[in-house]
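Scroll down for the structure; my scribbles are underneath it.
Here, residue 1 is the first one in the sequence, and each next residue gets the next number.
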Amino acid sequence: MAATARREIRVDRTLCMGSGQCAWYAPNTFDQDDETIAIVIDPDGDPAEAIETAVTFCPTQALSFAAGADDAGDKQE
């Protein structure tokens, strides 16, 4: 993918319980709104590894990458 492609991170507001784990792992990417629901403030705010960790460890699996989004999850290790 081109270096200018942006990753799209989705938050399922019906699943988010407001634990704040995402903001802990990737504080420049995630925050919480007035209802303590996760919001994306900058999809490129943290290194890809930190954002992937936040998505992976969301306790309610409310976070995901949009299909075809530029995320490092495309790489296999």
Side-chain angles (χ1 to χ4, degrees):
M1 253 188 170
T4 58
R6 290 181 54 92
R7 91 179 28 96
E8 183 180 342
I9 304 164
R10 296 197 176 152
V11 178
D12 185 332
R13 294 183 59 84
T14 62
L15 292 177
C16 180
M17 65 182 234
S19 73
Q21 290 288 90
C22 54
W24 174 259
Y25 287 114
N28 297 310
T29 300
F30 298 99
D31 200 353
Q32 292 178 302
D33 65 14
D34 292 338
E35 298 174 356
T36 68
I37 301 298
I39 57 172
V40 177
I41 54 174
D42 181 358
D44 297 312
D46 291 286
E49 184 176 310
I51 296 169
E52 289 171 22
T53 299
V55 170
T56 299
F57 290 105
C58 175
T60 60
Q61 299 179 345
L63 305 175
S64 63
F65 293 106
D70 179 29
D71 65 43
D74 292 339
K75 69 179 179 183
Q76 299 293 318
E77 293 185 30

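Nearest heavy atom pair, residue Tyr25 against residue Ala50, reads O-CB, 3.5 Å. The two residues Leu15 and Gln61 make their nearest non-hydrogen contact at CD1-O, 3.8 Å. Residue Cys16 comes nearest to Ala62 through the heavy atom pair N-CB, 3.6 Å, listed as atom of the first residue, atom of the second, then distance. The nearest pair of heavy atoms linking Arg13 to Ala38 is NH1-O, 4.3 Å.
The side chain to side chain contact (heavy atoms under 4.5 Å, CB included) search around Asn28 returns Asp46, not counting sequence neighbours.
Side-chain heavy atoms closer than 4.5 Å link hydrophobic residues (I, L, V, M, F, W, Y) into clusters, and following such links, possibly through other members, connects Phe65 to Val40. By the criterion of side-chain heavy atoms lying less than 4.5 angstrom apart, applied directly or through intervening Ile, Leu, Val, Met, Phe, Trp or Tyr residues, Val11 is grouped together with Val55 in one hydrophobic cluster.
In this structure, Ile51 CD1 and Ile9 CD1 are separated by 4.5 Å, a value rounded to the nearest 0.5 Å. For the atom pair OG1 (Thr53) and CD (Gln21), the distance works out to 11.5 Å, reported to the nearest 0.5 Å. Rounded to the nearest 0.5 angstrom, Thr29 OG1 and Asp44 CG are separated by 7.5 Å. Separation of atoms CD (Gln32) and CD1 (Ile41) is listed at 11.0 Å; rounding is to 0.5 Å.
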